[in-house]
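Notes to accompany the following structure.
Start at 1 and go down the list; that is how both ligands and their atoms are numbered.
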Amino acid sequence: MMEIKVELAKELKEKPDMSNLPFGVYYTDHMFEMDYTAGIGWHDPRIVPYHKIEMEPASMIFHYGQSTFEGLKAYKDAEGHIRLFRPEQNFTRLNLSNDRLVIPNLDVDFCVEALKKLVEIEKDWIPTGEGTSLYVRPFCMATDVHVGVHPARTYKFMIILSPVGSYYKEGINPVKIYVEDEYCRAVKGGMGFAKTAGNYAASLIAQEKAEKLGYTQVLWLDGVEKKYIEEVGTMNIFFVIDGEIITPALNGSILGGITRKSAIELLKDNGYTVTERKISIQEVYEAYESGKLNEIFGTGTAAVISPVGELIWEDKHMVVNGGEIGPVSHLVYDTITGIQSGKVEDKYNWVTNVR
Ligand SMILES: *Cc1c(COP(=O)(O)O)cnc(C)c1O
């Protein structure tokens, strides 16, 4: 393995109020950085003080969006041990995204080691309050100075860290979701399964529209027929209909969430029937009309679980489970956050201990 150089900051930042953390505002004292050069490969891995990066205006990333990212969390348990939730899954997925965007692959084990080393240095930045964590953002970007369309020959890979509280101001309380029927996020053959900046750029207009109407997020339908459910802004989605748990099957345009995968595994383990298949918004509405729509919840690293209390589709309003969090959402939330924080036994071996 390449050796990671460490340069510690001479002065440390003042820590924010850890009991009242907004999402993604504060960054820690250090970051991880590594470069790629065609013909050489990834080189010069280093942990350095968090710093500004100087780039030329003609750098490719500013023009063609050749970039990928990940999001995961580090926690501190009651004994002060640092825990990472399935980090190898994130770096494996980063390579999947990189393949789609023609960005060179990273060594998954090396990235996990680099992250462990960085998080260890920043351990005092890991908040310990309920619902808080140290959010980890690894990302790759094209750095060639060339306004020409082709895959770059140079890249940067970085990891930055941010102490965070709840992703939604609602916390674990149910959110209101708007079913988007005009715009689409991704189509099969596009980049929907990859975690890349462009997918988010495509989503902002609908997100803004939903917010103006008083909703927290958008529920995306498939881009071709506008019939089948894909996912929610930054989350995968689950429906509990007549006791059965249904989530859209990964079809190329949906992001394969690690929280989604974990939720499926633990729900099956708890005796639930979980089906991954196509599900239309019409089917959800019919289930609602017949009183069989028990619960809806979203899954994603940032919010972990977000129950959906209300869904609006065209002129149809669906209030789910009386606008309250239901038992399945509760089970998934308690189990995953319990494993993450060390309060629930990690029988699936999902946690990587930093030391
Ligand atoms: C990251 C992300 C998710 C959730 O994935 P997790 O691995 O569970 O965090 C869902 N949808 C989109 C579009 C995402 O970018």
Side-chain angles (χ1 to χ4, degrees), residues 23-24 65 67-75 84-98 100-101 108 111-112 115 133-140 162 164 166-168 175 177 180 183-188 190-207 210 216-223 229-238 247-267 274 276 296-308 329 332-333 335-337 339-340 348 350-352:
F23 194 90
S67 75
T68 53
F69 67 93
E70 271 303 323
L72 67 154
K73 285 174 169 177
Y75 303 82
L84 295 168
F85 188 72
R86 312 189 81 174
E88 70 295 339
Q89 296 278 332
N90 289 91
F91 293 113
T92 302
R93 184 173 64 191
L94 185 59
N95 279 338
L96 195 75
S97 303
N98 282 8
R100 179 63 182 81
L101 281 108
V108 171
C111 289
V112 172
L115 175 58
S133 60
L134 186 66
Y135 185 75
V136 178
R137 168 54 58 89
F139 61 105
C140 294
S162 175
V164 297
S166 294
Y167 186 69
Y168 295 124
V175 293
I177 303 281
E180 177 55 47
Y183 303 106
C184 78
R185 188 189 87 95
V187 289
K188 205 169 162 183
M191 309 193 292
F193 67 90
K195 241 175 147 69
T196 176
N199 287 334
Y200 281 88
S203 76
L204 297 176
I205 192 166
Q207 174 68 26
T216 310
Q217 284 237 349
V218 164
L219 177 66
W220 297 106
L221 300 178
D222 76 274
I229 291 164
E230 298 235 314
E231 60 179 306
V232 183
T234 55
M235 303 187 292
N236 295 111
I237 190 134
F238 288 74
T247 189
L250 301 180
N251 59 356
S253 54
I254 295 173
L255 197 289
I258 294 157
T259 321
R260 172 188 184 276
K261 188 177 183 172
S262 309
I264 292 172
E265 199 173 328
L266 80 86
L267 284 168
V274 186
E276 297 176 65
I296 306 179
F297 59 92
T299 62
T301 296
V304 187
I305 293 296
S306 199
V308 176
S329 312
V332 177
Y333 183 81
T335 311
I336 294 183
T337 58
I339 290 173
Q340 288 169 334
Y348 308 104
W350 284 339
V351 171
T352 294

Any idea which atoms of ligand 1 are less than 4.0 Å away from a heavy-atom of [X]?
X    : value
G300 : 4 (C), 8 (O), 9 (O)
G257 : 5 (O), 6 (P), 7 (O), 8 (O)
R93  : 5 (O), 6 (P), 7 (O)
T234 : 2 (C), 3 (C), 4 (C), 10 (C), 11 (N)

Which residues share a side chain to side chain contact (heavy atoms under 4.5 Å, CB included) with S262, sequence neighbours left out: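 Scan of S262 (side chain to side chain contact (heavy atoms under 4.5 Å, CB included), adjacent residues dropped) gives F85, R86, I258, I336, W350.
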Under 3.5 Å side-chain donor-acceptor pair for Q340 and S133: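 No pair is found: no donor N or O on one side chain lies under 3.5 Å from an acceptor on the other.
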Backbone or side-chain N or O of [X] under 3.5 Å from ligand 1 N or O:
X    : answer
T299 : no
N236 : no
R260 : no
N90  : no
V232 : no

How far is [atom] from its nearest protein heavy atom, and which residue and atom name does that atom have?
atom                    : result
atom 8 (O) of ligand 1  : T259 OG1, 2.6 Å
atom 15 (O) of ligand 1 : Y200 OH, 2.5 Å
atom 11 (N) of ligand 1 : E231 OE1, 2.5 Å
atom 2 (C) of ligand 1  : K195 NZ, 2.5 Å
atom 9 (O) of ligand 1  : T301 OG1, 2.6 Å

For [X] and [Y], work out which heavy atoms get closest and say how close.
X    : Y    : value
E70  : Y135 : O-OH, 4.2 Å
E180 : A206 : OE1-CB, 3.6 Å
L84  : A74  : CD2-CB, 3.6 Å

Applying side chain to side chain donor-acceptor pair (under 3.5 Å), name anything that partners E231, two or more places apart in sequence or on another chain.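 Side chain to side chain donor-acceptor pair (under 3.5 Å) list for E231, sorted by chain: R185.
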Heavy-atom distance under 4.5 Å between the side chains of [X] and [Y], does that happen here?
X    : Y    : answer
F238 : R260 : yes
L72  : P138 : yes
W220 : I254 : no

Out of curiosity, is [X] lining ligand 1, as in a heavy atom under 4.0 Å away?
X    : result
K261 : no
G233 : yes
E70  : no

Crowding at CD1, I205 (>12 non-hydrogen neighbours, <6.0 Å):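 Count not over threshold, so no.
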Where does M235 meet ligand 1, judged by heavy-atom distances below 4.0 Å: at the side chain, the backbone, both, or neither?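 Under 4.0 Å from ligand 1, M235 contributes backbone atoms alone.
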Side chain to side chain contact (heavy atoms under 4.5 Å, CB included) between Y183 and V218, intermediate numbers included: CA-CA 10 Å; Y183 303 106; V218 164; over 6 Å; no
